[in-house]
Amino acid sequence: MKEGIQLPTIVVVGDQSSGKSSVLESLAGIRLPRGQGICTRVPLIMRLQHHTAPEPEFSLEFNGKTVPTSEAKIANAISLATDEIAGNAKGISNTPLTLVVKKNGVPDLTMVDLPGITRVPVHGQPENIYEQIADIIMEYIRPDESIILNVLSATVDFTTCESIRMSQKVDKNGERTLAVVTKADRAPEGLLEKVTADDVNIGLGYVCVRNRIGDESYKEARKEEADLFENHPLLSKIDKSMVGIPVLAQKLVHIQATIIARCLPEIVRKINEKLNASISELNRMPKTLSSVGEALTTFMGIVGSAKESLNKIIVRGEYDEYLEDKNMHCTARLVEMLNQYSGELHNCSANDLTGNFLMDEIQVLEEAKGIELPNFLPRTTFLAILQKKVEKVSHIPVAFVDKVWTYIEGVVISVLMHHSENYHQLQLSTRRAGHNLIARMKEHSRNWVTEIVQMEKLTDYTSNPEYMNDWNKLMAQQHDFTSDVVENGYTSTFKIEGLGEVPIADLRGYEQHVLLQAFDLKMRMTAYWKIVLRRLVDFMALHLQFRVRNLVNKEMEEEIVQELVGRHDGAIERMLEESPAVAAKREKLNASIQLLRESNNVLGNIMDKIASNV
């Protein structure tokens, strides 16, 4: 159970005041806490063991401690332990309390008594007391290994019992539900019909009982119970295999033995599975280092494994180490960021080709006039417009490299921390080396981007043939455009293939040669601007690919080695000291392995005995 392996369990459930605690008292021959409202406020695990010694033994186990008690003080001890677990008020807790009873004559049983179901909170109880109790009950009865002991009062209609409704949620056909009917002496009429008709699907059958009343001893209570079911005119008609605490004890022992035998192979399989996983995890833990040479070798192995992981996720796009963490699928995330960057460039206001059509070009041409022939297009006009457009988008590449390197920094630090997690002595220096390296890479990229932007401002050049092709296609529409502007005074827009509808009403006051030059300048810039944007995207992609590969394959290792070895800050020497967390984990795994091996041996012996008896 400590290792999370579910074992067969008898779970006792029932509505409040159904007589749950009285049934358990009768089975164990001890007194449990009594009173109004909820008596059981925590899961009470009752471990009954037949004990041949004349003196019984009783103890409580909770909160990691064992408290011996006596038969006379059991009820009070349980109340005190419950208060310690769940508080002094009337609230409940899911933290279990174990009662070990070693006594001559008790059946060998382990049962879990759960809080009685109530819908109406009393003073001092939380408003959601029903939901809290229901959650605890469902947690215990949901596993297929659990046997549900449903305690029902003979005084109520079984079909209305909340405990029946809950058990039917997880055991619809009642295959693992046994019903105990209490208070048979108070409502004998129709009880025979209730337990034989079985309207609520109780697959393991019914047992009717009479609990101890008042100051009766348990011996006296059993005698009164036997007389009741033997001589009562109505209750005597119920089959004797369905009445009495002794029959209930016998049934529970048989059911528990049957389900344990059935579940043993699966339990052993789970133990072996857990054992192998714990051994594998222990083997993966760092070995204890005894020399600086071993520490240095281990350190270089950590750097090498981190380098390989980064190569896989950043360079090669392999994500097997981080299947569920999409943030670590770096090539996919970088492509997404690059596409967003391209979209920002193309959606910038500098790309508005139709708004205020030709007005900027005309203004620039006016300011560039000189004493010269009028049919020449000054290069300075093209550069003036180009610089203005480049300036409008210049912040986008700078912001993009900052965003990319911030993302890569997170990935690199995450991988470095993962591979050095067993050596906390390295993590501070390794993290510092990662931050320093990324800061340097980011600064380099910023400088590179600034240079690229400056080059685009100062130089208008491309050997890409698309520039001339696009310009010629656009210029082929110049004659129709100027004719429409000059001659058709009734139209306000003109459609240019490749640009769309452009406004022309405000252009009619300009001379034709100005319109021709402005149109030419506009079409040159339109064709060339596509090249500029493409260059800004393509060069950025190439730059990042180159810098990231260089980071992973060269600069990261050099930076980390320089940080940890070159500066002689003692990080390598400190690797010889195992961290408290690693030592605690190693101790826990060793304890788990020992416990699982012992459990395996015990269960193996039990299975051998079962096989030999068969």
Atom pairs and distances, side-chain donor-acceptor, residues 333-340, under 3.5 Å, sequence neighbours left out:
from   : atom 1 : to     : atom 2 : distance (Å)
Arg333 : NE     : Glu336 : OE1    : 3.1
Arg333 : NH1    : Lys326 : O      : 2.7
Arg333 : NH2    : Glu336 : OE2    : 2.8
Asn339 : ND2    : Val335 : O      : 3.4
Gln340 : OE1    : Lys403 : NZ     : 2.9

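Within the 4.5 Å cutoff, the side chain of Arg41 has no heavy atoms near those of the Pro115 side chain. The shortest side-chain heavy-atom distance between Val449 and Leu536 does not fall under the 4.5 Å cut-off. Side chains of Cys348 and Ile396 form a contact here, defined as non-hydrogen atoms less than 4.5 Å apart. By the 4.5 Å heavy-atom criterion applied to side chains, Val303 and Leu416 are not counted as neighbours.
The existence of a salt bridge linking Lys442 and Asp402 is excluded, since no basic side-chain nitrogen approaches an acidic carboxylate oxygen closer than 4.0 Å. For the pair Arg316 and Glu308, the salt-bridge criterion is met [side-chain N within less than 4.0 Å of a carboxylate O]. Taking 4.0 Å as the cut-off between side-chain N and carboxylate O, Arg379 and Asp460 count as a salt-bridged pair. Salt bridge Arg176/Glu145: absent, no basic N to carboxylate O contact under 4.0 Å. Under a 4.0 Å N-O distance rule, the pair Arg446/Glu443 qualifies as a salt bridge. Look at Glu555 and Arg547 and you find a salt bridge, because one of the NZ, NE, NH1 or NH2 atoms lies within 4.0 Å of a carboxylate O, short of that distance.
For Glu361, the side-chain hydrogen bond (donor to acceptor under 3.5 Å, both in side chains) test picks out no residue, with sequence neighbours left out. Taking Arg165 as the reference, Glu162 meet the salt bridge (Lys or Arg N to Asp or Glu O under 4.0 Å) condition, with sequence neighbours excluded. Scanning for side-chain hydrogen bond (donor to acceptor under 3.5 Å, both in side chains) contacts around Asp538 gives an empty result, with sequence neighbours left out. Residues satisfying the salt bridge (Lys or Arg N to Asp or Glu O under 4.0 Å) criterion with Asp15, sequence neighbours excluded, are absent altogether. Here Phe481 pairs with Phe357, Phe494, Phe519 under the ring pair (Phe, Tyr, Trp, His ring centres under 6.0 Å) rule; sequence neighbours left out. The salt bridge (Lys or Arg N to Asp or Glu O under 4.0 Å) search around Lys312 returns Asp320, Glu321, not counting sequence neighbours. Residues meeting the side-chain hydrogen bond (donor to acceptor under 3.5 Å, both in side chains) test with Thr331, sequence neighbours left out: Tyr319. Evaluation of the side-chain hydrogen bond (donor to acceptor under 3.5 Å, both in side chains) rule for Glu466 yields Arg534 as partners, not counting sequence neighbours.
Atom OG1 of residue Thr381 and atom CD of residue Gln517 lie 8.0 Å apart, to the nearest 0.5 angstrom. We find the OG-CD1 distance between Ser167 and Ile137 to be 10.0 Å, quoted to the nearest 0.5 Å. Annotation: the span from Gln16 atom CD to Thr118 atom OG1 amounts to 4.5 Å, rounded to 0.5 Å. Rounding to the nearest 0.5 Å gives a distance of 6.5 Å between OG of Ser93 and CD1 of Ile85. Atom CZ of Arg524 is separated from atom CG of Asp520 by 4.0 Å, given to the nearest 0.5 angstrom.
In Tyr407, the OH atom is crowded: over 12 heavy atoms of neighbouring residues, nucleotides or ligands sit closer than 6.0 Å. For Phe539, the CZ atom sits in a loose shell: 12 or fewer heavy atoms of surrounding residues, nucleotides or ligands are nearer than 6.0 Å.
The stretch residues 383-405 participates, sequence neighbours left out, in these ring pair (Phe, Tyr, Trp, His ring centres under 6.0 Å) pairs: Tyr341-Phe400. The ring pair (Phe, Tyr, Trp, His ring centres under 6.0 Å) contacts involving residues 444-480 comprise Trp448-His543, where partners must be two or more places apart or lie in separate chains. Sequence neighbours left out, the pairs with a member in residues 493-506 that pass side chain to side chain donor-acceptor pair (under 3.5 Å) are Thr493-Glu501.
Side-chain atoms of Lys457 and Ser394 form no donor-acceptor pair, as typed in the model, at a separation below 3.5 Å. Side-chain contact, Asn94 with Glu139: a donor N or O sits under 3.5 Å from an acceptor N or O.
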